[in-house]
Every structure is written in C-alpha cells, then in structure tokens.
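Report on the following structure.
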Amino acid sequence: MPMMQPTVSWQMLRNYMEKFAWTDIRTGLKTTGYNPPKGARDVVRVPFHCTFVTGEGRTHTGNFVCLKVNRRKHLRLVKSVESGETRWMRDYLVIEVDGTRVITH
C-alpha cells in the first residue's frame with residue numbers, strides 16, 4: 001500500500017498554524033514567517049483562531065498557539081491563549097482556521 005502523501009489542505013494548515021513573529025536585527029522591523037533566523041530577537045509564535053472536533057466528538061473553538069507537530073500522525077500540540085490548556089489536535093478533525101474552511105480528507 002503506498003504511503004499517503006500530504007495534499008494541498010495539509011499544507012494550508014501548516015501555513016496558518018506554524019507561523020513565527022520576530023524582530024529582524026538588521027532592519028529592526030517586525031517580520032512574520034516560518035523559520036526565524038538564529039540571530040532574531042523577540043521570537044514568538046503567532047496565535048490563530050481555530051474550530052475543530054475533539055477526540056470525544058465535541059466542537060472546540062478558540063485562539064491557539066502551535067507548540068509541536070507530529071507530521072507522521074497528523075497531530076499538533078496546541079496551547080489555548082485564553083486558558084493556557086494544552087491538548088493534541090488532529091489535523092483531519094479541523095473544521096476552520098482563521099475564517100477559512102478546511103477539507104483534509
């Protein structure tokens with residue numbers, strides 16, 4: 001059986017959820033991207049608004065920060081901005097990210 005390759009929807013999730021913001025040393029400007037340079041100052045993860053279904057079948061909505069990614073299992077460890085709660089979120093149960101509906105099947 002062939003290995004499942006990521007689709008455009010999986011890449012779109014990465015584009016929304018795995019962003020960093022930092023201050024560039026040379027210009028002093030605030031920059032947003034995916035790989036901050038080694039000498040960057042004030043590196044923080046950019047929060048995103050997400051609606052997803054939990055493993056128990058409940059819909060959960062809120063602002064989150066992505067802490068860790070398991071790409072093989074399509075799992076993300078996210079932390080809630082409001083409550084500080086951390087939980088694993090399954091990529092295939094995500095409904096909406098920052099107002100954009102996601103289809104990951």
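Nothing fancy with the numbering, it's 1 onward along the sequence.
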Check your understanding: What are the two closest non-hydrogen atoms of T23 and G28, and how far apart are they?
Key -> CG2-O, 3.8 Å
Check your understanding: Under 4.5 Å between any side-chain heavy atoms of M17 and V65, yes or no?
Key -> no
Check your understanding: Is E18 salt-bridged to K68, cutoff N-O under 4.0 Å?
Key -> no
Point to revise | Nearest heavy atoms of L93 and T54, plus distance in Å | key: CD1-O, 4.1 Å
Exercise for review: Report, as yes or no, whether the 6.0 Å neighbourhood of atom NZ on K30 holds more than 12 heavy atoms from other residues, nucleotides or ligands.
Suggested key: yes
Revision key, fill the gap. Minimal heavy-atom distance between I25 and R41, with the atoms involved, is CA-NH2, 4.5 Å
Revision key, fill the gap. d(L77 CG, N70 CG) to nearest 0.5 Å is 10.5 Å
Practice item. Cation-pi check, R14 to Y34: give yes when NZ or CZ is under 6.0 Å from the six-membered ring centre and within 45° of the ring axis, no otherwise. Key: yes
Check your understanding: Using 30° and 60° as the class limits, which term best fits the ring planes of F64 and F48: parallel, tilted or perpendicular?
Key -> tilted
Review point. Is there a donor in the side chain of H49 and an acceptor in the side chain of D98, or the other way round, less than 3.5 Å apart?
Key: no
**Study point:** Stepwise side chain to side chain contact (heavy atoms under 4.5 Å, CB included) check, R76 with V94
**Key:** CA-CA 11 Å; R76 297 174 188 279; V94 173; over 6 Å; no
Review point. Looking at A40 and W22, what are the two nearest heavy atoms and their distance?
Key: CB-CD1, 3.5 Å
Exercise for review: Please assess Y16 against T100 for the test side chain to side chain contact (heavy atoms under 4.5 Å, CB included), listing each intermediate value before the final yes or no.
Suggested key: CA-CA 10 Å; Y16 281 107; T100 303; 3.1 Å; yes
**Study point:** Smallest separation among heavy atoms of C66 and V78, with atom names
**Key:** CA-CG1, 4.3 Å
Check your understanding: Below 4.5 Å, heavy atoms only, C-beta onward: do D91 and K73 meet side chain to side chain?
Key -> no
Check your understanding: Could you give the distance from CG (L29) to CG (D24), rounded to the nearest 0.5 Å?
Key -> 7.0 Å
**Study point:** Within 6.0 Å of CZ in R58, more than 12 heavy atoms from elsewhere
**Key:** no
Practice item. Please tell me if the side chains of T51 and H60 come closer than 4.5 Å, counting only heavy atoms from C-beta onward. Key: no
Review point. Taking side chain as C-beta onward, heavy atoms only, is V46 less than 4.5 Å from F20?
Key: no
**Study point:** Closest non-hydrogen atom pair between R90 and L75, with its separation
**Key:** CG-CD2, 3.4 Å
Check your understanding: Is the distance between the ring centroids of H74 and Y92 less than 6.0 Å?
Key -> no
**Study point:** Verdict with reasoning, M89 to C50, per side chain to side chain contact (heavy atoms under 4.5 Å, CB included)
**Key:** CA-CA 10 Å; M89 179 174 63; C50 183; 3.9 Å; yes
